[in-house]
Amino acid sequence: MNGVSGRMGYRQHLVRSILAIREQGGVLLSDGSRVQLEPILVGRNEAKLAELAAKHNIEHYTTDLDAALADPRWQIYADFLVTKARAVAIKKAIAAGKAIYTEKPTAESYEEALELARLAEEAGIKNGVVHDKLYLPGLQKLKRLIDSGFFGQILSVRGEFGYWVFEGDWQPAQRPSWNYKNEEGGGIIVDMFPHWNYVLENLFGRVESVYAKASTHIPNRVDEQGNRYDATADDAAYAIFELEGGVVAQLNSSWTVRVNRDELVEFQVDGTHGSAVAGLFGCKIQPRNATPKPVWNPDLADAHDYDGDWIEVPTNDVFENGFKTQWEEFIRHVAEDAPNPYDFLAGARGVLLAESGLESSRSGRRIDLPAVTSTASTNGE
């Protein structure tokens, strides 16, 4: 586990996934047996690794990635590094013949992301990319609605994501400063568009084009050491995605917005037979036969309770932490060749969307995306 001392690597991957799996006795396989996991922590700060290892009763840690990759005991390489460092480390893991599971984005450019997919394919190694948003309870409820035909014909998707990230002066920022530095791989498009790509393509259809506007609304911030710095990366992005089948998706992503919605991310899906609003956990619906008939009248206050017209979708299931659930699926993929659609090629499609979104913002044009279904060519068609 490389980069496990970072926020996501520690909280979601180590504590809530690997250690939780270890505590439950391993991953249950299809034949009823279990496979247990033994982590080795890898990083640059030996003292910090030692502290984490002692805190969680982990035997193995090292600052020598090459030695860990050369050791046949460790079968899976997991990468939670900053984006700029990821591709180099993954190439080492491919050369070492390890199965690989990584955070997104898989690389800084689409060309490099596709190269990783090609190298892994040529080496015959199993590989997976985090698709955690698909495992959110709210989106799983939404997927159930789609599969049931609730919407009829889906017309559009409208998404709002974000919250106010403090500038770091009078209150510490709740995101690391590198997120706002383009030279260190920061920016909300690079961070969020890979998420939006897999959410859209797995729920509604392939993204065929993007028109985006990236903004750096707050040009100066204060870092973890109290030093003021210029924000060179985008902190907000406003985008329209055209999907196969004619669905139009409009998604706003911002670290400079104050929340006036039930959850930090919400998707409204409108169809001919009904609509839904899904968040991290909740999902509410409004069927066609329960839709009110508003009349526009700016001269009179409207006393109708529109929020009351929505019906909460029951949970009807037990949803575990999404990172843990996908980890278990990837372990089954490695241990018994269970299906794994979320591979490096899927990761490359996410990087392509981010790259195309940035190009659209620079040029002011809508950018068409090729269908990336193979590593055979550089354009993926």
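Both backbone and side-chain heavy atoms feed into the values below; hydrogens, waters and symmetry mates do not.
Within 6.0 Å of the CZ atom in R261, the count of heavy atoms belonging to other residues, nucleotides or ligands exceeds 12. Residue-environment remark: CD (Q75) stays at or below the threshold of 12 foreign heavy atoms within 6.0 Å. The neighbour count for E111 CD, taken as heavy atoms of other residues, nucleotides or ligands under 6.0 Å away, does not exceed 12. Heavy-atom contacts from other residues, nucleotides or ligands closer than 6.0 Å to CZ of R206 number more than 12. Within a 6.0 Å radius of CD in E46, other residues, nucleotides and ligands contribute 12 heavy atoms or fewer. Remark: Y135 OH is packed, more than 12 non-hydrogen atoms of other residues, nucleotides or ligands lying under 6.0 Å away. With a 6.0 Å radius and a threshold of 12 heavy atoms from other residues, nucleotides or ligands, K143 has its NZ atom at or below the threshold.
Looking at heavy atoms from C-beta onward, L352 lies out of side-chain contact with L114 at the 4.5 angstrom threshold. V27 has its side chain within reach of R332: a pair of non-hydrogen atoms, C-beta onward, lies under 4.5 Å apart. In this structure, R221 and D235 have side chains that are in contact, with non-hydrogen atoms separated by less than 4.5 Å. At least one side-chain heavy atom of E208 sits less than 4.5 Å from a side-chain heavy atom of E244. Within the 4.5 Å cutoff, the side chain of S5 has no heavy atoms near those of the R44 side chain. Residues F166 and W255 fail the side-chain proximity criterion, which asks for heavy atoms closer than 4.5 Å. Inter-residue side-chain proximity for K91 and L116 is flagged as met; some heavy-atom pair is nearer than 4.5 Å. Between L251 and L200, the closest side-chain pair of non-hydrogen atoms falls below 4.5 Å.
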Worked verdict on L345 versus E121 for side chain to side chain contact (heavy atoms under 4.5 Å, CB included): CA-CA 10 Å; L345 198 59; E121 182 179 67; over 6 Å; no

Side chain to side chain contact (heavy atoms under 4.5 Å, CB included) between F319 and K141, intermediate numbers included: CA-CA 10 Å; F319 298 112; K141 293 174 184 178; 4.2 Å; yes

Mind running side chain to side chain contact (heavy atoms under 4.5 Å, CB included) on I58 and L52 for me, showing each step along the way? CA-CA 8 Å; I58 296 171; L52 290 178; 6.0 Å; no

Between V334 and Y101, is the side chain to side chain contact (heavy atoms under 4.5 Å, CB included) condition met? List the steps. CA-CA 10 Å; V334 173; Y101 187 68; over 6 Å; no

Go through the steps for K55 and E51 under the test salt bridge (charged side-chain N to carboxylate O under 4.0 Å, His left out), then give the verdict. CA-CA 6 Å; K55 181 178 180 180; E51 179 185 349; over 6 Å; no

Which is it for S33 and D31 under the side chain to side chain donor-acceptor pair (under 3.5 Å) test, yes or no, and what are the steps along the way? CA-CA 6 Å; S33 65; D31 63 1; 2.6 Å; yes

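Judged purely by atom type and a 3.5 angstrom limit, H333 uses its side chain to pair as donor or acceptor with the backbone of A338. Here the side chain of E108 pairs no donor or acceptor atom with the backbone of R86 at under 3.5 angstrom. In this structure a side-chain-to-backbone donor-acceptor pair under 3.5 Å is present from S360 to A212. A donor-acceptor pair is defined here as one N or O able to donate and one able to accept, closer than 3.5 Å; such a pair exists between the side chain of S109 and the backbone of E112. T375 contributes no side-chain N or O that, together with a main-chain N or O of A117, makes up a donor-acceptor pair within less than 3.5 Å. Not a single donor-acceptor pair under 3.5 Å links the side chain of D71 to the backbone N or O of A68. Panel note: side chain N127, backbone I125; a donor-acceptor pair is recorded below 3.5 Å. Although no hydrogens or angles enter the test, the distance criterion places no donor-acceptor pair under 3.5 Å between the side chain of S361 and the main chain of K213. No donor-acceptor pair closer than 3.5 Å links the side chain of E266 to the backbone N or O of V277.
The pair E122-R118 does not count as a salt bridge, with every side-chain nitrogen at least 4.0 angstrom from each carboxylate oxygen. Looking at E359 and R365, a side-chain N of the basic residue comes within less than 4.0 Å of a carboxylate O on the acidic one, giving a salt bridge. The existence of a salt bridge linking K84 and E184 is excluded, since no basic side-chain nitrogen approaches an acidic carboxylate oxygen closer than 4.0 Å. The pair D191-K104 counts as a salt bridge, with a side-chain nitrogen and a carboxylate oxygen less than 4.0 angstrom apart.
Between the SG atom of C283 and the CD atom of E312 there is a distance of 7.5 Å, given to the nearest 0.5 Å. Here the straight-line distance linking atom CG of L81 with atom OG1 of T102 works out to 8.0 Å at 0.5 Å rounding. To the nearest 0.5 Å, the span separating CG on L19 from CG on L14 amounts to 4.0 Å. Considering CZ of F151 and OG of S275, their distance stands at 7.5 Å, rounded to 0.5 Å. For the atom pair CG of D309 and CD1 of I285, the computed distance is 12.5 Å after rounding to the nearest 0.5 Å. Here the straight-line distance linking atom CG of L369 with atom CG of L243 works out to 11.0 Å at 0.5 Å rounding.
With W196 as reference, F267 is the one residue of F204, F241, F267 to meet the ring-ring contact (aromatic ring centres under 6.0 Å, His included) rule. Exactly one residue among K284, Q250, R158, E160 makes a side-chain hydrogen bond (donor to acceptor under 3.5 Å, both in side chains) with Q268. That residue is R158.
The hydrophobic clustering, which links ILVMFWY residues whose side-chain heavy atoms are closer than 4.5 Å, places Y180 and V222 apart. A chain of hydrophobic side-chain contacts below 4.5 Å, direct or via other Ile, Leu, Val, Met, Phe, Trp or Tyr residues, connects L119 to L65. Both L29 and L37 are assigned to one and the same hydrophobic cluster, defined by single-linkage of ILVMFWY side chains at heavy-atom distances under 4.5 Å. Note on V207: it clusters hydrophobically with L358, by side-chain heavy-atom contacts below 4.5 Å among ILVMFWY residues. W310 and L155 fall into different hydrophobic clusters, where Ile, Leu, Val, Met, Phe, Trp and Tyr side chains are chained together by heavy-atom contacts under 4.5 Å.
In this pair, H56 and Y10 present their aromatic rings tilted. The plane angle is within the 30 to 60° band. Ring geometry, Y198 versus H195: the interplanar angle exceeds 60°, so the pair is classed perpendicular (tilted spans 30 to 60°).
No side-chain donor from either of D64 and T62 sits under 3.5 Å from a side-chain acceptor of the other. Q12 and E103 form no side-chain donor-acceptor contact under 3.5 Å, judged by distance and modelled atom types alone. Side chains of Y229 and N227: a donor-acceptor N/O pair is absent below 3.5 angstrom, by distance only.
Screening residues 336-351 for side-chain hydrogen bond (donor to acceptor under 3.5 Å, both in side chains), with sequence neighbours left out, gives S30-E336, E201-R349.
Applying the salt bridge (Lys or Arg N to Asp or Glu O under 4.0 Å) test to R366 and every residue at least two apart in sequence or in another chain returns E242, D368.
Shown here for Q174 and V165, the closest heavy-atom pair between the two residues is OE1-CA, 3.5 Å.
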